[in-house]
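So that the names make sense, note that chain A is the first sequence line, chain B the second, and so on, each numbered from 1.
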There are 2 protein chains.
Amino acid sequence: MSSTTRERILDAALALIQQRGFGGTTVTDIEELAGLSPGSGSFYRHFRSKEDVFGEVFERELGRAQQHRQAFERGPVTADPREALTRRLLQQLDYLAQIRPLITLLAREHGRFPELTRKIRGALLDEGIAEEAEHLTRDLPDLPGHEDPHALLAVVVSALTGYHLSREFFGRPPADIDPDRFTAALAALLTTPR
Amino acid sequence: MSSTTRERILDAALALIQQRGFGGTTVTDIEELAGLSPGSGSFYRHFRSKEDVFGEVFERELGRAQQHRQAFERGPVTADPREALTRRLLQQLDYLAQIRPLITLLAREHGRFPELTRKIRGALLDEGIAEEAEHLTRDLPDLPGHEDPHALLAVVVSALTGYHLSREFFGRPPADIDPDRFTAALAALLTTPR
DNA sequence: GTCTATAATCCGATAGAC
DNA sequence: GTCTATCGGATTATAGAC
């Protein structure tokens, strides 16, 4: 193990909270998974309390999510707008997969830690959607005449997150459609001339 | 209180598990919220264990969800297919709101109770989607020539669930689009002739 | 920084009076 | 069927040796 004990504790806490929730995870469990003697209290040389480590786990995942977001790169420009859009949608699904821990924390603990909800909402819903609107209008400069482009964006975002969460919660996507088929169908819906 | 103690315990357990998770809920908390003396153990005159009451809470919500599903009624037939579809999509969002407790239980505890995942998946994803496919093809008999109707169905289902879960987790929908605008945009996307 | 040991509290569950 | 009382074990957190 080249990682520090502190990092191993954070890793262990994340894994256990994702699986059992904050209330179902004990400090002893965390110590054991981090390679410390269970029940020894060595945990407390690194964190003040169980709530403290949850806060730091959450901040670390939020930081990672923002790094992933910045790592977004635009693919090579393609003549076919539908192909460009499909690629962009697949990238979005990849991004959701990358920030899976953060989404899981939100799904599990948003009732208990309201500030968590607020921060993730700011990072994902607000910034994320604004940025995505920019990308989509760039990928679809001649976006077919929809009366309500903002609502259309909400549809796209909802479809992607719903698809991701179905896989997350159920272990498989709706109607067992794989990501390629899913994004192709969504892109076709958005780009078919009318 | 006209309800039985058993029912009040089930109500209390549901509320607390939704908020704090199974691991974060104590029998004493349940007793207190159910109007029993906290820590008295009166809980155990009605349920054998904490896990037992979770199982019964879950079964009750599953039964309620199936009742809600059966209560689905088709609106009056309308000449305008887009209007019929919009109404249908709004009904779907209502349905998701009605089964909110079940979805919350799934989001919180699917890692800890795998059988829960299996049962909800059967009831919602499998039966629900098959039934929904039927409705959609009825509402859209001349569904514009999509190469992949199954994938299109997945897009619609994902959009609805994603919209619902965004409201559930964040407290508001993506881009602050209200249900009427959302369903109108989705219906327009699906019915615009091309 | 990790360990053993332990204090103080909390929790799931039971016994028995009423 | 609810209460008081409590058992045994788990849990959070600390003290102190190494």
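- Judged purely by distance below 3.5 Å, without hydrogens or angles, the side chains of R64(B) and Q67(B) never pair a donor atom with an acceptor atom.
- Side-chain N/O atoms of T26(B) and D29(B) include a donor and acceptor closer than 3.5 Å.
- No side-chain N or O of S42(A) forms a donor-acceptor pair with one of E31(A) less than 3.5 Å apart.
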### Task
Would you give a per-nucleotide map of nucleotides 7-12 of chain C, 5' to 3', where B means the base has a protein non-hydrogen atom under 4.0 Å away, S means only the sugar-phosphate does, and - means neither?
----SS
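- Here the range on DNA chain D touched by chain A, meaning any atom under 4.0 Å from one of its heavy atoms, is dT11(D) to dG16(D).
- When rounded to the nearest whole Å, the span between CD of E31(A) and P of dA5(C) equals 15 Å.
- Not less than 6.0 angstrom separates the ring centroid of F58(B) from the ring centroid of F113(B).
- Residue S42(A) is classed as a base contact, given a heavy-atom separation below 4.0 Å to a base.
- Screening E59(B), E61(B), E127(B) against K119(B) for a salt bridge (charged side-chain N to carboxylate O under 4.0 Å, His left out) leaves a single residue, E59(B).
- Side chains of R8(A) and T5(A): a donor-acceptor N/O pair is present below 3.5 angstrom, by distance only.
- Among the atoms of the strands shown, only primed sugar atoms or phosphate atoms (P, OP1, OP2) are found under 4.0 Å from some heavy atom of S37(B).
- At most 12 non-hydrogen atoms from other residues, nucleotides or ligands lie less than 6.0 angstrom from CZ of R100(A).
- For H150(A), the NE2 atom counts as loosely surrounded, since its 6.0 Å shell holds 12 or fewer non-hydrogen atoms of other residues, nucleotides or ligands.
- Sequence order on DNA chain C of the closest nucleotides to R45(B) and E51(B) puts E51(B) first from the 5' end.
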